[in-house]
Amino acid sequence: MRDCFVDTTTALLAEKPRTALVLADISAALFASAAERHPDRVLNVGIREQLMVGVAGGLALTGLRPIVHSYAPFLVERAYEQIKLDLDHQAASAVLVSVGGSFDRAESGRTHFSPADVALFDTLADWTVHVPGHPGEVSGLLRATVAADTSAYLRLSIMHNDRPYADAGDLVVVRDAGPGAALLVAVGPMLDAALTAVADLPVTVAYTHRPRPFDVAGLRALAGTEVILVEPYLAGTSARVVSAALADRPHRLLALGVGRKELRRYGSAEDHLRWHGLDPAGLRRALTGFLNPVAIAG
(Lines give C-alpha, C1' and ligand atoms only; values in the text may rest on other atoms or scores of the structure.)
Protein backbone atom coordinates (compact mmCIF):
# COMPACT_ATOMS: atom_id res chain seq x y z
CA MET A 1 0.00 0.00 0.00
CA ARG A 2 2.82 2.43 0.80
CA ASP A 3 4.39 1.80 -2.62
CA CYS A 4 1.06 2.61 -4.32
CA PHE A 5 0.77 5.76 -2.23
CA VAL A 6 4.30 6.90 -3.15
CA ASP A 7 3.78 6.25 -6.86
CA THR A 8 0.40 7.99 -6.96
CA THR A 9 1.54 10.99 -4.93
CA THR A 10 4.60 11.40 -7.12
CA ALA A 11 2.34 11.41 -10.17
CA LEU A 12 -0.08 13.89 -8.58
CA LEU A 13 2.75 16.30 -7.78
CA ALA A 14 3.66 16.29 -11.48
CA GLU A 15 0.09 16.45 -12.78
CA LYS A 16 -1.51 18.95 -10.39
CA PRO A 17 0.43 22.12 -9.51
CA ARG A 18 -1.74 22.69 -6.43
CA THR A 19 -0.61 19.42 -4.83
CA ALA A 20 1.96 19.63 -2.03
CA LEU A 21 3.53 16.99 0.20
CA VAL A 22 4.61 17.52 3.81
CA LEU A 23 6.77 14.91 5.56
CA ALA A 24 8.43 14.45 8.94
CA ASP A 25 11.32 12.23 7.79
CA ILE A 26 9.17 9.09 7.38
CA SER A 27 9.28 7.94 3.71
CA ALA A 28 11.45 10.92 2.75
CA ALA A 29 13.88 8.70 0.83
CA LEU A 30 11.01 7.32 -1.22
CA PHE A 31 10.11 10.85 -2.33
CA ALA A 32 13.67 12.00 -3.05
CA SER A 33 13.14 12.27 -6.81
CA ALA A 34 9.85 14.14 -6.34
CA ALA A 35 11.57 16.54 -3.94
CA GLU A 36 14.25 17.26 -6.55
CA ARG A 37 11.63 18.04 -9.20
CA HIS A 38 9.28 20.01 -6.93
CA PRO A 39 11.40 21.52 -4.13
CA ASP A 40 8.79 24.19 -3.42
CA ARG A 41 6.00 21.64 -2.91
CA VAL A 42 7.74 18.68 -1.22
CA LEU A 43 8.67 19.75 2.29
CA ASN A 44 10.40 17.60 4.92
CA VAL A 45 10.28 19.35 8.30
CA GLY A 46 12.28 16.67 10.13
CA ILE A 47 11.02 14.77 13.15
CA ARG A 48 8.49 17.47 14.05
CA GLU A 49 5.04 16.02 13.46
CA GLN A 50 3.15 18.93 15.05
CA LEU A 51 5.02 21.32 12.76
CA MET A 52 4.26 19.06 9.79
CA VAL A 53 0.51 19.46 10.32
CA GLY A 54 0.85 23.17 11.06
CA VAL A 55 2.75 23.71 7.81
CA ALA A 56 0.05 21.77 5.95
CA GLY A 57 -2.60 24.06 7.41
CA GLY A 58 -0.69 27.10 6.21
CA LEU A 59 -0.24 25.65 2.73
CA ALA A 60 -3.96 24.88 2.54
CA LEU A 61 -4.83 28.48 3.47
CA THR A 62 -2.70 29.69 0.55
CA GLY A 63 -4.70 27.53 -1.87
CA LEU A 64 -2.52 24.44 -2.11
CA ARG A 65 -3.77 20.90 -1.55
CA PRO A 66 -1.39 19.33 0.99
CA ILE A 67 -0.87 15.61 1.50
CA VAL A 68 0.58 14.89 4.97
CA HIS A 69 2.26 11.59 5.71
CA SER A 70 3.79 9.63 8.59
CA TYR A 71 3.21 6.61 10.82
CA ALA A 72 -0.31 6.67 12.27
CA PRO A 73 0.64 7.33 15.93
CA PHE A 74 2.92 10.21 14.91
CA LEU A 75 0.52 11.69 12.37
CA VAL A 76 -2.71 11.41 14.37
CA GLU A 77 -2.06 10.93 18.08
CA ARG A 78 1.10 13.03 18.43
CA ALA A 79 -0.20 15.85 16.23
CA TYR A 80 -3.88 15.68 17.21
CA GLU A 81 -3.96 19.20 18.65
CA GLN A 82 -2.63 20.62 15.39
CA ILE A 83 -5.18 18.62 13.39
CA LYS A 84 -7.88 20.10 15.62
CA LEU A 85 -6.60 23.69 15.55
CA ASP A 86 -4.47 24.21 12.44
CA LEU A 87 -6.75 22.27 10.09
CA ASP A 88 -10.23 21.83 11.55
CA HIS A 89 -10.60 25.14 13.39
CA GLN A 90 -9.13 27.12 10.49
CA ALA A 91 -11.36 25.36 7.91
CA ALA A 92 -8.14 24.30 6.17
CA SER A 93 -8.45 20.93 4.46
CA ALA A 94 -5.68 18.39 3.91
CA VAL A 95 -5.25 14.71 3.07
CA LEU A 96 -3.59 12.81 5.92
CA VAL A 97 -2.06 9.49 4.88
CA SER A 98 -0.73 7.10 7.51
CA VAL A 99 1.11 3.81 7.46
CA GLY A 100 1.48 1.35 10.29
CA GLY A 101 -2.15 0.37 10.82
CA SER A 102 -2.93 -0.55 14.40
CA PHE A 103 0.20 -2.61 15.02
CA ASP A 104 1.93 -3.24 11.68
CA ARG A 105 5.27 -2.34 13.27
CA ALA A 106 4.64 -4.31 16.44
CA GLU A 107 8.34 -5.09 16.77
CA SER A 108 8.94 -1.37 17.42
CA GLY A 109 6.73 -1.42 20.53
CA ARG A 110 3.88 0.69 21.86
CA THR A 111 5.19 3.92 20.32
CA HIS A 112 4.19 2.53 16.92
CA PHE A 113 0.71 1.27 17.88
CA SER A 114 -2.30 3.32 16.81
CA PRO A 115 -5.62 1.52 17.30
CA ALA A 116 -7.38 4.74 18.39
CA ASP A 117 -6.69 6.84 15.29
CA VAL A 118 -10.08 6.52 13.60
CA ALA A 119 -11.86 7.10 16.90
CA LEU A 120 -9.95 10.37 17.27
CA PHE A 121 -11.25 11.60 13.93
CA ASP A 122 -14.75 10.94 15.25
CA THR A 123 -14.19 13.83 17.69
CA LEU A 124 -13.93 16.19 14.70
CA ALA A 125 -16.59 17.15 12.19
CA ASP A 126 -16.95 16.11 8.55
CA TRP A 127 -13.76 14.09 8.05
CA THR A 128 -13.79 11.33 5.46
CA VAL A 129 -11.90 8.21 6.54
CA HIS A 130 -10.67 5.61 4.05
CA VAL A 131 -9.30 2.23 5.17
CA PRO A 132 -8.31 0.35 2.00
CA GLY A 133 -8.22 -3.42 2.17
CA HIS A 134 -5.92 -3.97 -0.80
CA PRO A 135 -3.10 -2.06 -2.52
CA GLY A 136 -5.27 -1.93 -5.64
CA GLU A 137 -7.71 0.36 -3.83
CA VAL A 138 -5.13 2.94 -2.77
CA SER A 139 -4.46 4.91 -5.94
CA GLY A 140 -8.10 5.51 -6.80
CA LEU A 141 -8.95 6.50 -3.24
CA LEU A 142 -6.01 8.91 -3.03
CA ARG A 143 -6.78 10.56 -6.37
CA ALA A 144 -10.46 10.98 -5.50
CA THR A 145 -9.62 12.30 -2.05
CA VAL A 146 -7.13 14.87 -3.33
CA ALA A 147 -9.65 16.04 -5.94
CA ALA A 148 -12.43 16.36 -3.36
CA ASP A 149 -10.85 19.34 -1.58
CA THR A 150 -12.20 18.24 1.81
CA SER A 151 -10.47 16.91 4.92
CA ALA A 152 -9.68 13.19 4.75
CA TYR A 153 -7.66 10.48 6.44
CA LEU A 154 -6.29 7.54 4.44
CA ARG A 155 -5.16 4.65 6.66
CA LEU A 156 -2.69 2.27 5.00
CA SER A 157 -1.54 -1.10 6.31
CA ILE A 158 0.63 -4.08 5.47
CA MET A 159 -2.45 -6.26 6.02
CA HIS A 160 -4.64 -6.76 2.96
CA ASN A 161 -7.29 -8.93 1.38
CA ASP A 162 -6.68 -11.17 -1.62
CA ARG A 163 -8.54 -8.90 -4.05
CA PRO A 164 -9.48 -5.22 -4.30
CA TYR A 165 -12.99 -3.77 -4.31
CA ALA A 166 -12.55 -0.40 -5.98
CA ASP A 167 -16.12 0.85 -5.54
CA ALA A 168 -16.68 -0.09 -1.92
CA GLY A 169 -17.20 3.28 -0.30
CA ASP A 170 -20.81 2.30 0.19
CA LEU A 171 -21.38 -1.20 1.53
CA VAL A 172 -20.80 -3.94 -1.03
CA VAL A 173 -22.32 -7.37 -0.42
CA VAL A 174 -19.57 -9.96 -0.82
CA ARG A 175 -21.51 -12.94 0.59
CA ASP A 176 -25.31 -13.09 0.61
CA ALA A 177 -26.79 -15.58 3.06
CA GLY A 178 -30.37 -14.67 2.21
CA PRO A 179 -33.28 -12.98 4.01
CA GLY A 180 -33.12 -12.84 7.79
CA ALA A 181 -29.41 -13.65 8.00
CA ALA A 182 -27.14 -11.83 10.39
CA LEU A 183 -25.14 -9.03 8.75
CA LEU A 184 -21.38 -8.78 9.19
CA VAL A 185 -19.73 -5.52 8.07
CA ALA A 186 -15.98 -5.92 7.47
CA VAL A 187 -13.85 -2.79 7.18
CA GLY A 188 -10.70 -2.70 5.06
CA PRO A 189 -8.23 -5.57 5.55
CA MET A 190 -10.59 -7.51 7.85
CA LEU A 191 -12.67 -8.91 4.98
CA ASP A 192 -10.80 -12.13 4.20
CA ALA A 193 -10.55 -13.18 7.85
CA ALA A 194 -14.26 -12.49 8.28
CA LEU A 195 -15.17 -14.55 5.21
CA THR A 196 -13.12 -17.47 6.50
CA ALA A 197 -14.75 -17.20 9.93
CA VAL A 198 -18.32 -17.36 8.56
CA ALA A 199 -17.62 -20.03 5.91
CA ASP A 200 -20.49 -22.33 6.96
CA LEU A 201 -22.60 -19.87 8.95
CA PRO A 202 -25.79 -18.10 7.76
CA VAL A 203 -24.18 -14.66 7.75
CA THR A 204 -24.29 -12.03 5.02
CA VAL A 205 -20.96 -10.23 4.65
CA ALA A 206 -20.69 -6.64 3.42
CA TYR A 207 -17.46 -4.72 2.85
CA THR A 208 -16.45 -1.09 2.96
CA HIS A 209 -13.17 0.82 2.74
CA ARG A 210 -14.85 4.08 3.80
CA PRO A 211 -16.03 3.88 7.40
CA ARG A 212 -16.63 7.64 7.51
CA PRO A 213 -19.10 8.72 6.41
CA PHE A 214 -20.57 5.31 7.12
CA ASP A 215 -23.07 4.02 4.55
CA VAL A 216 -26.14 4.32 6.78
CA ALA A 217 -28.63 3.79 3.95
CA GLY A 218 -26.86 0.60 2.88
CA LEU A 219 -26.72 -0.62 6.46
CA ARG A 220 -30.45 -0.10 6.96
CA ALA A 221 -31.21 -1.91 3.72
CA LEU A 222 -29.10 -4.95 4.64
CA ALA A 223 -29.42 -5.26 8.41
CA GLY A 224 -31.81 -7.58 10.16
CA THR A 225 -31.82 -8.02 13.91
CA GLU A 226 -28.18 -9.13 14.28
CA VAL A 227 -25.26 -6.96 13.16
CA ILE A 228 -21.55 -7.67 13.54
CA LEU A 229 -18.82 -5.08 13.00
CA VAL A 230 -15.25 -6.21 12.29
CA GLU A 231 -12.86 -3.26 12.26
CA PRO A 232 -9.01 -3.24 12.17
CA TYR A 233 -8.79 -0.54 14.83
CA LEU A 234 -10.32 0.08 18.27
CA ALA A 235 -13.29 -2.20 18.93
CA GLY A 236 -16.57 -0.29 18.95
CA THR A 237 -15.33 2.67 16.91
CA SER A 238 -18.34 2.47 14.59
CA ALA A 239 -20.78 1.08 17.16
CA ARG A 240 -22.37 4.48 17.82
CA VAL A 241 -22.98 5.00 14.09
CA VAL A 242 -24.63 1.60 13.68
CA SER A 243 -26.70 1.98 16.85
CA ALA A 244 -27.95 5.41 15.78
CA ALA A 245 -28.78 4.16 12.28
CA LEU A 246 -30.85 1.28 13.66
CA ALA A 247 -32.33 3.07 16.69
CA ASP A 248 -35.88 2.71 15.39
CA ARG A 249 -35.75 -1.10 15.14
CA PRO A 250 -34.82 -3.95 17.49
CA HIS A 251 -31.28 -5.17 16.90
CA ARG A 252 -28.29 -6.78 18.55
CA LEU A 253 -24.76 -5.54 17.85
CA LEU A 254 -21.40 -7.24 18.25
CA ALA A 255 -18.47 -4.86 17.72
CA LEU A 256 -15.12 -6.56 17.14
CA GLY A 257 -11.75 -4.88 16.78
CA VAL A 258 -8.60 -4.12 18.72
CA GLY A 259 -9.24 -4.48 22.45
CA ARG A 260 -8.51 -1.84 25.08
CA LYS A 261 -6.39 -4.06 27.29
CA GLU A 262 -2.72 -3.04 27.40
CA LEU A 263 -0.88 -6.19 26.35
CA ARG A 264 2.66 -4.83 26.92
CA ARG A 265 3.99 -7.17 24.26
CA TYR A 266 5.93 -6.64 21.08
CA GLY A 267 5.43 -9.71 18.88
CA SER A 268 4.37 -9.41 15.24
CA ALA A 269 1.29 -8.00 13.55
CA GLU A 270 0.01 -11.56 13.17
CA ASP A 271 0.51 -12.16 16.90
CA HIS A 272 -1.56 -9.10 17.75
CA LEU A 273 -4.34 -10.12 15.39
CA ARG A 274 -4.49 -13.43 17.25
CA TRP A 275 -4.27 -11.85 20.72
CA HIS A 276 -7.13 -9.48 19.89
CA GLY A 277 -9.25 -12.23 18.37
CA LEU A 278 -9.10 -10.76 14.86
CA ASP A 279 -7.72 -13.86 13.15
CA PRO A 280 -10.26 -16.25 11.58
CA ALA A 281 -10.29 -18.55 14.61
CA GLY A 282 -10.82 -15.69 17.04
CA LEU A 283 -13.58 -14.17 14.92
CA ARG A 284 -15.24 -17.58 14.68
CA ARG A 285 -15.29 -17.94 18.47
CA ALA A 286 -16.83 -14.50 18.89
CA LEU A 287 -19.45 -15.10 16.20
CA THR A 288 -20.60 -18.48 17.47
CA GLY A 289 -20.94 -17.04 20.95
CA PHE A 290 -23.07 -14.18 19.65
CA LEU A 291 -25.33 -15.77 17.07
CA ASN A 292 -28.53 -17.57 17.97
CA PRO A 293 -27.67 -21.31 18.23
CA VAL A 294 -30.87 -22.13 16.35
CA ALA A 295 -29.74 -19.94 13.47
CA ILE A 296 -26.31 -21.57 13.48
CA ALA A 297 -27.81 -25.06 13.45
CA GLY A 298 -30.05 -24.04 10.53
Side-chain angles (χ1 to χ4, degrees), residues 1-88 90 92-102 104-105 108-109 111-114 117-118 120-121 124 127-132 135 138-139 141-158:
M1 288 193 193
R2 191 189 328 209
D3 291 341
C4 293
F5 160 65
V6 170
D7 292 346
T8 304
T9 301
T10 300
L12 286 169
L13 287 163
E15 297 167 11
K16 300 182 180 298
R18 283 187 61 219
T19 307
L21 174 66
V22 191
L23 305 170
D25 267 6
I26 299 299
S27 300
L30 301 177
F31 286 107
S33 60
E36 290 179 4
R37 289 193 294 270
H38 314 287
D40 55 333
R41 291 186 288 122
V42 179
L43 308 174
N44 181 10
V45 302
I47 307 174
R48 301 175 180 88
E49 288 83 4
Q50 293 93 336
L51 175 62
M52 174 179 65
V53 175
V55 167
L59 294 174
L61 291 176
T62 70
L64 293 178
R65 182 63 166 150
I67 300 170
V68 191
H69 169 65
S70 187
Y71 271 89
F74 311 150
L75 175 64
V76 182
E77 296 175 332
R78 186 175 296 173
Y80 173 74
E81 185 177 15
Q82 282 64 44
I83 295 172
K84 179 179 71 175
L85 298 178
D86 297 349
L87 294 177
D88 226 44
Q90 299 296 330
S93 64
V95 179
L96 277 54
V97 182
S98 74
V99 291
S102 290
D104 283 358
R105 282 288 299 271
S108 295
T111 57
H112 285 64
F113 290 10
S114 58
D117 53 349
V118 176
L120 279 172
F121 281 104
L124 306 173
W127 278 75
T128 297
V129 177
H130 296 292
V131 183
V138 173
S139 182
L141 286 174
L142 181 60
R143 284 184 171 276
T145 300
V146 170
D149 251 1
T150 54
S151 291
Y153 176 50
L154 184 61
R155 187 188 206 258
L156 308 183
S157 174
I158 60 171

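It should be emphasised that the depicted structure is a prediction, and the values quoted were computed from it without experimental measurement.
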Once rounded to the nearest 0.5 Å, what's the spacing between atom [atom1] of [X] and atom [atom2] of [Y]?
{"X": "Asp117", "Y": "Glu77", "atom1": "CG", "atom2": "CD", "answer": "7.0 Å"}
{"X": "Phe121", "Y": "Tyr80", "atom1": "CZ", "atom2": "OH", "answer": "9.0 Å"}
{"X": "Ile83", "Y": "Trp127", "atom1": "CD1", "atom2": "CH2", "answer": "6.0 Å"}
{"X": "Leu21", "Y": "Leu43", "atom1": "CG", "atom2": "CG", "answer": "8.0 Å"}
{"X": "Ser114", "Y": "Phe74", "atom1": "OG", "atom2": "CZ", "answer": "9.5 Å"}

Which heavy atom in [X] sits nearest to a heavy atom in [Y], and how many Å separate them?
{"X": "Ala92", "Y": "Ser151", "answer": "O-OG, 4.0 Å"}
{"X": "Arg105", "Y": "His112", "answer": "O-CB, 3.9 Å"}
{"X": "Met52", "Y": "His69", "answer": "SD-O, 3.5 Å"}
{"X": "Arg41", "Y": "Pro17", "answer": "CD-O, 3.2 Å"}
{"X": "Val138", "Y": "Phe5", "answer": "CG1-N, 4.0 Å"}
{"X": "Pro135", "Y": "Cys4", "answer": "O-SG, 3.5 Å"}

* Asked: Regarding Ser102 and Arg155, is there a side-chain donor-to-acceptor distance under 3.5 Å anywhere?
  ->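 Indeed, the side chains of Ser102 and Arg155 share at least one donor-acceptor pair under 3.5 Å.
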* Pair Met1-Val99, side-chain contact (heavy atoms from CB on, under 4.5 Å): steps then yes or no -> CA-CA 8 Å; Met1 288 193 193; Val99 291; over 6 Å; no
* To do: For Asp25, check side-chain contact (heavy atoms from CB on, under 4.5 Å) against everything at least two apart and list the hits.
  =>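 In terms of side-chain contact (heavy atoms from CB on, under 4.5 Å), with neighbours along the sequence ignored, Asp25 is linked to Asn44, Ile47.
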* Please list, chain by chain and in numerical order, all residues satisfying side-chain contact (heavy atoms from CB on, under 4.5 Å) with Leu30, sequence neighbours excluded. =>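 In terms of side-chain contact (heavy atoms from CB on, under 4.5 Å), with neighbours along the sequence ignored, Leu30 is linked to Arg2, Val6, Ser27.
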* To do: Among residues two or more places apart or on two chains, list those pairs meeting ring pair (Phe, Tyr, Trp, His ring centres under 6.0 Å) that have a residue in residues 36-64.
  =>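 Passing the test, one end in residues 36-64: no pairs.
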* To do: Kindly write out the residues that satisfy side chain to side chain donor-acceptor pair (under 3.5 Å) with Ser157, not counting sequence neighbours, or none if the list is empty.
  =>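 Once residues adjacent in sequence are excluded, the partners of Ser157 under the side chain to side chain donor-acceptor pair (under 3.5 Å) criterion are Asp104.
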* Set of salt bridge (Lys or Arg N to Asp or Glu O under 4.0 Å) partners for Arg143, sequence neighbours left out ->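 Per chain and number, Arg143 pairs via salt bridge (Lys or Arg N to Asp or Glu O under 4.0 Å) with Glu15.
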* Test Ser139 against every option in Asp7, Thr9, Thr8 by the side-chain hydrogen bond (donor to acceptor under 3.5 Å, both in side chains) rule and name the one that passes. =>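 Only one option passes, and that is Thr8.
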* Flag the pair Asp86 / Gln50 as yes when at least one side-chain heavy-atom distance between them is below 4.5 Å, and no otherwise. =>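 They are not in contact (no side-chain heavy atoms under 4.5 Å apart), so the answer is no.
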Would you be so kind as to tabulate the donor-acceptor pairs closer than 3.5 Å made by side chains of residues 56-67, with sequence neighbours excluded?
{"from": "Thr62", "atom 1": "OG1", "to": "Leu59", "atom 2": "O", "distance (Å)": "2.6"}
{"from": "Arg65", "atom 1": "NE", "to": "Val146", "atom 2": "O", "distance (Å)": "3.0"}
{"from": "Arg65", "atom 1": "NH1", "to": "Ser93", "atom 2": "OG", "distance (Å)": "3.2"}
{"from": "Arg65", "atom 1": "NH1", "to": "Thr150", "atom 2": "O", "distance (Å)": "3.2"}
{"from": "Arg65", "atom 1": "NH2", "to": "Thr145", "atom 2": "O", "distance (Å)": "2.8"}
{"from": "Arg65", "atom 1": "NH2", "to": "Thr150", "atom 2": "O", "distance (Å)": "2.7"}

* Asked: For Leu96, which of Val129, Leu75, Leu154 qualifies under side-chain contact (heavy atoms from CB on, under 4.5 Å)?
  ->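 One option only clears the test, and that one is Leu75.
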